[in-house]
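Inspection log for the structure reproduced underneath, given as structure tokens.
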Amino acid sequence: MTSRDPAMRQATGRIWSPARGYFVILSLPVIFLAVFFIWPLAGVILRSFGGDEGIFFQYLTVFERDSYLKVLGYTLQVATTVTVLCLLIAYPVAALVARLQGSWLQLAFALILVPFWTSTVIRTYAWMVLFQRKGVINDALLNFGVIDAPLRFMHNNIGVHIGMVHIMLPFMLLPLISAFRNIDPSYMRAAGVLGANPIRAFWHVYLPLSMPGVSAGVALVFITSLGFFITPALLGGAKNMMLAVLIEQQVTITVNWELASALASILLIVTACLYVVYDRVSRRAGGGGVLD
Amino acid sequence: MSGQGAKIEYVDISKRYGAVEALRPTSLTIEAGEFFSIIGPSGSGKTTLLGVTAGYVPPTSGQIIIDGRNVVGEPPFQRNIGMVFQNYALFPHMTVAENIGFPLRMRKTPRAEIAERVKKMLALVQLEEMASRKPGQLSGGQQQRIALARAAVYDPLMLLMDEPLSALDKNLREAMQDEVKQFQTVLGSTVLYVTHDQAEAAAMSDRIAIMNHGRIVQIGSPRDLYEHPVARFVASFLGEANIFDIESVTPHASGSMIATHHGFSLVCAASGSHDGQCVCVRPEAVALSASRPEHDNVLEGKVVDATYTAGSLRYRVELAPDCIITQRTPSVRGIEMFDTGATVFASWRAEDTLLVDDD
């Protein structure tokens, strides 16, 4: 008996379908996001066109002044460098972790996840303690006679990069490990028997099969890095500023809400554009899209 | 795509994982061009022997001599052995043609020659039109054929096959058995075929080795193994067997008289009198009749189960409490069947009372 049977339909009133429950389940997150994310975001975009000087005044200001564009360029450069460094560090680590079994695997995951128990602010302060003029690192280097005068680790490029790579590393590791664990070991075994030495087997088989994990990790780290605030604010310098720090300054120091909104909107658009381009490229490269 | 496969000699090859002896010292020679199968339950050491041959499992001791060269110690990529994996292990990111060409590419074969040899292999497995597909777009049987083509395209010394048909459904599996066998005949390769399916091994092999607990129990042609099993394990692993435990063996005019555990007296043509043996009678060797026949061995029993399957009748006959034997006859048209509960006489020749090791 099917639901097309009129008697059946009459008995149940409405035809049940599994999709019916989804609306109920989805309604709460949709309302939450609409109220606390989409509405304020729309407010920011609207405000960027506001002010007494005209609709596009803020955008014209940004694109006329070299200093703002420089900040945008520096932001993109830092995000790129941090992403590449994370990938280079995480790839071999993830390949190793993916081969672990049982309690070793659990231990490795615990070590990767432990940093999430501490807030980014506290971890960044920890780097400040290490990096200070009279911090642990400088003391050690001075004591061992490696250097004569304390080095500057903070308020420059070095500090920002080290701090951000440290914070971002788990976001690269987790998608990579998950992708590596999906690679059936028989592929590498087959490559070997068929005549590929370990290096060529890696290059022709393992690396291409790991691309979905690479593209997911790269997207995650790069996009998060673009809007990263805390670590660049605490470890970065005044000379090289990242966009999120500049936006915060416009809000709290200059109190130029319209300019801050325009900068935030530009960051949003740049991120979205880069994401679309990246997804297309990685799809064409055969690694599958970011969302696959 | 030419020439004969190589001759393979295993000399005291063994593998130990800690305290576990996965493969006890084993010596074995596979002739050039032979289709050699290894069957056995899981954990019997057959997969270990395969891994040791391919080179990704280092043996604890012994030698593997392929065409006069000891390959133990050589990494897999230098051995020039072809292998078909259980799940095929076709690279999902490469097309069918790239998959087949992969081993040639690794050997730095010129591009034009790769294209030509890939084309030849695709023609051999009749999948020319699939060259630019990805493995994921092929059916199980097609993937199987591509895996065969990839394993053989570089004229390897031998072909290893690790349960290559186990993922296919029954009808396709039987069709593929013929294809694999034909493929091997055309190429003249030496094949080492590992499976847990005895019927599959019997259908394709020149010789079969039966393994259990890390050692080879018996080697022989499929017919040899079925008609002359040396051990209870072989008898019951290969086909069906009626096993009787022995109380005593006494010499007799035409061989020996065997008293079984259930109190039967069986005539046996062989004159074995060893301890630690049991009796094996194949279901086909047994005849059933309604009245007592004149025969070497006659036992009265009751039919407990009668099954008609395509090609044969299968009866289960209770000779004594907890002693049920199986009998099989070809199902000829119009044959009369015994009903369940009918009293019948099971009989067989003295030559069909086989004495085998009871281990």
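Every heavy atom of this structure was used, including side-chain atoms; hydrogens, water molecules and symmetry mates were not. Here is the naming used below: chain letters follow the sequence lines, and residue numbers restart at 1 for every chain. Worth saying up front: this structure is predicted, and the values here are computed from it rather than measured.
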Taking the side chain as every heavy atom from C-beta outward, state whether [X] and [Y] have any atom pair closer than 4.5 Å.
X: A:His204; Y: B:Arg105; value: yes
X: B:Met106; Y: A:Leu194; value: no
X: A:Val193; Y: B:Phe77; value: no

Can you establish whether the number of heavy atoms outside [X] located under 6.0 Å from its atom [atom1] is more than 12?
X: A:Phe37; atom1: CZ; result: no
X: B:Arg107; atom1: CZ; result: yes
X: B:Gln78; atom1: CD; result: yes
X: A:Ile199; atom1: CD1; result: no
X: B:Lys119; atom1: NZ; result: no
X: B:Gln137; atom1: CD; result: yes

Side chain from CB out, backbone as N, CA, C, O: work out which of these in [X] comes under 4.5 Å of a heavy atom of chain A, or both, or neither.
X: B:Tyr88; result: neither
X: B:Asn87; result: side chain
X: B:Leu90; result: backbone

Quiz item: What part of A:Asp184 gets closer than 4.5 Å to chain B, counting heavy atoms only: side chain, backbone, both or neither?
Solution: side chain
Self-check item: Contact class of A:Ala191 relative to chain B, heavy atoms under 4.5 angstrom
Solution: both
Practice problem: On the 0 to 90° scale, with breaks at 30° and 60°, tag the B:Phe91-A:Tyr187 ring pair as parallel, tilted or perpendicular. | Solution: tilted
